[in-house]
Structure formats: C-alpha cells, structure tokens
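Just so it is clear: chains get the letters A, B, ... in the order the sequence lines come, proteins before strands, and each one is counted from 1.
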There are 2 protein chains.
Amino acid sequence: MAKTSPARTCPVAAFQKMISGKYKLRIVWDLKDGPRRYGEIRSGLLRGASGSAEITPRVLSRELKALTMSGLIDRKDFGEVPPKVEYRLTRKGKSFVPVVAAIREWGERNLGEATALADAAE
Amino acid sequence: MAKTSPARTCPVAAFQKMISGKYKLRIVWDLKDGPRRYGEIRSGLLRGASGSAEITPRVLSRELKALTMSGLIDRKDFGEVPPKVEYRLTRKGKSFVPVVAAIREWGERNLGEATALADAAE
DNA sequence: CAGCATCCTGCGTGATACTG
DNA sequence: CAGTATCACGCAGGATGCTG
C-alpha cells in the first residue's frame, strides 16, 4: 500500500460530487467552444426531451457557481451597465473536456439506441 | 454546427442518469477486477471518509439492480442453499471501464490536492 | 447470505416573483 | 441582462427489522 490512496474520498466520488447536477457536464461541454454569456448558456440548456422549457435562473446560477468553485469555469463580469457576464473554462476545465468527450463518445455508442440487445450472451 | 443539433437526450444526460447514485461508478470499478459476490461488493463499499459504515442493503440492491438494467453488469445466481450471487461486468460494462479509468485518472490529478491553486491566472 | 419492507429526512430541481 | 428570494415537492439514500 505505498500509493494506494488511504481511503481518500475515491476519485470517482469526488468526480461525482463535482459534476453532480443535471447540467454541469452540459455546461462544460458548451463552454468548450469558447466563452459564453449567461443567457447563451441558458438558451442552450433546454430541459426535457422536447427541449422547450428553459432551466430556471436559480438552478443555472447554482450550477455556474458550483462549477466556478470547483475551478472548472471562470466568471468574467464586464463593467455594469447592461449586465454582461461571460463564463469560460479554466485550464482545469479545459483539461476536463477530453474526459467529457470520452463520456459522450461512449454514451453515443452505447446509449444511443442498441442499449440492451447483446447483453444476454455475456 | 452541421451535426450538432439532434437535441436528443444528450449523451451526457443519459450518462449521468445511468451512473446516478453514489456507488454505481465504484461498483463498476470494483467489478473490473472480476466477478464479485454481493457481500464482497458491500464490504468494499464503505461510506464516509472514515470508511467505517457500510452501505445499506436497500441501497446496494437498488444500485445493483439499476446497473443490471442498464446492461453494465450481470447477475449470476448460483443455486440456492446458502445464497450465492455473483455480479460481473457485461461486455458493455467492460467497455465502460476505460471511461471510468479516465475519470479516475483526471480526478486523481485534479481533485487529489492542488484543487484550486492555479486557477487564478487563467 | 442476499436480499426485501417500511419509515424518515435532506437536498436537488422547478415554479414564481422581484431587483440592480 | 443576470441574477436573488421564497415556496414546494419528489426522490435518493440512510436506519431498522425481517425472510427464504
């Protein structure tokens, strides 16, 4: 047991906590294309399968704040008059993108459609 | 944006749903080393930072069932007398291991300690 | 040993309304 | 525009006790 983390909060547990919430991963993914404003993120985050309802500001605000505190994203507030705030990935956030990409890739391949078809003969 | 508009339940959303819960990822990770019995999984899944309390059967049972229905793991029930049940990764589950590995790797590197130190000069 | 049945609680998510 | 304040609710997750 030289390098076997001493019961430290499992990396996966920390990860789960960090991306807990329904939108954090999607926000990070959205931000990978560059900085986005609050409203843009909001417009891009539609709820339900129909994709009609928008996330409530309360929730988005929380997610954004959590991501900021996790150090994944950075909040940039431009002066005041007509409020303008941009969110962008930090270096850490950028390093996280490939992980999300891996998740998406796997998800697209395994959750897209043929979900539980060839799982019987395992 | 030619191919980025399906609006289909985002892969990440599906992923989040699939691994929702505090133990699913850990269970999958545990199972990567081979089949495990119910009790073994339970013993390996300790709660809290102290790692003393064990997961309650109700919860473990749910997680296991969910993972089975997701097609990530497979339940093998040996006869009856003294109940013996083994859980193992399905092909799909195995294909998912690398993703979890990526998550762990990233987590160990970014959540281990130096969490929010060099996030200012981004 | 490997669960299931019941009860209880905190928190994540949403609706709605208001502000600098 | 970019949030905050309040209220409400469903559900994950834990505590206990029981069973085949």
Query - Atom-to-atom span, NZ of B:Lys17 to P of D:dG10 - whole angstrom - result: 17 Å

Query raised in the report: What nucleic acid atoms does A:Pro57 come within less than 4.0 Å of, heavy atoms only: base, sugar-phosphate, or nothing?
Result: base

Query raised in the report: Where the side chain of A:Thr56 is defined as all heavy atoms beyond and including C-beta, which of C:dG14, D:dG3, C:dA2 is the nearest nucleotide?
Result: C:dG14

Query raised in the report: Does a salt bridge link B:Asp77 with B:Arg75, judged by any charged N lying under 4.0 Å from a carboxylate O?
Result: yes

Requested in this report: Respond yes when some side-chain nitrogen or oxygen of B:Tyr38 is under 4.0 Å from OP1 or OP2 of C:dC4, and no when none is.
Outcome: no

Query raised in the report: OP1 or OP2 of C:dA2 less than 4.0 angstrom from a side-chain nitrogen or oxygen of B:Arg62, does that happen here?
Result: no

Report task. Rounded to the nearest angstrom, tell me the gap between atom CG in B:Leu25 and atom C1' in D:dA12. Result -> 16 Å

Query raised in the report: OP1 or OP2 of C:dA2 sitting under 4.0 Å from any side-chain N/O of B:Arg36?
Result: no

Query raised in the report: Within this structure, what is the CG-to-P distance between A:Leu60 and D:dA5, rounded to whole angstrom?
Result: 16 Å

Query raised in the report: So, do A:Phe15 and B:Trp106 have ring centers that fall under 6.0 Å from each other?
Result: no

Requested in this report: Examine C:dC4: is either OP1 or OP2 under 4.0 Å from a nitrogen or oxygen in the side chain of B:Lys65? Give yes or no.
Outcome: yes

Query raised in the report: Is A:Arg58 side chain donor-acceptor paired with the C:dG14 base, going by distance under 3.5 Å alone?
Result: yes

Query raised in the report: Given D:dA2, C:dC1, C:dA15, which nucleotide is nearest the side-chain atoms of B:Arg37?
Result: C:dC1

Query - B:Ser61 side-chain N/O to C:dG3 phosphate OP1/OP2 under 4.0 Å - result: no

Report summary line: Between CD of B:Glu40 and C1' of C:dG3 the distance, given in whole Å, is 16 Å

**Report entry** Between D:dG14 (C1') and B:Glu54 (CD): distance, integer Å
**Finding:** 14 Å

Query raised in the report: Taking atom C1' of C:dT13 as reference, at what distance in whole Å does atom CG of A:Leu45 sit?
Result: 13 Å

Report task. Output yes when a side-chain donor or acceptor of A:Arg88 lies under 3.5 Å from a complementary backbone atom of A:Gly34, and no otherwise. Result -> no

Query raised in the report: Would you call A:Glu63 and A:Lys24 a salt bridge, taking side-chain N to carboxylate O under 4.0 Å as the test?
Result: yes

Requested in this report: Please answer: with hydrophobic residues joined when any side-chain heavy atoms are less than 4.5 Å apart, are B:Leu72 and B:Val85 in the same cluster?
Outcome: yes

Report summary line: Rounded to whole Å, CD1 of A:Ile55 lies from C1' of D:dT4 at a distance of 15 Å

Query raised in the report: Which part of the nucleic acid, if any, lies within contact of A:Tyr87, taking any heavy atom under 4.0 Å across all strands shown: a base, the sugar-phosphate backbone alone, or nothing?
Result: sugar-phosphate

Query raised in the report: Given D:dG13, D:dT4, C:dT13, which nucleotide is nearest the side-chain atoms of B:Lys22?
Result: D:dG13

Requested in this report: Check the distance between C:dC4's P and B:Arg42's CZ and give it to me in whole angstrom.
Outcome: 13 Å

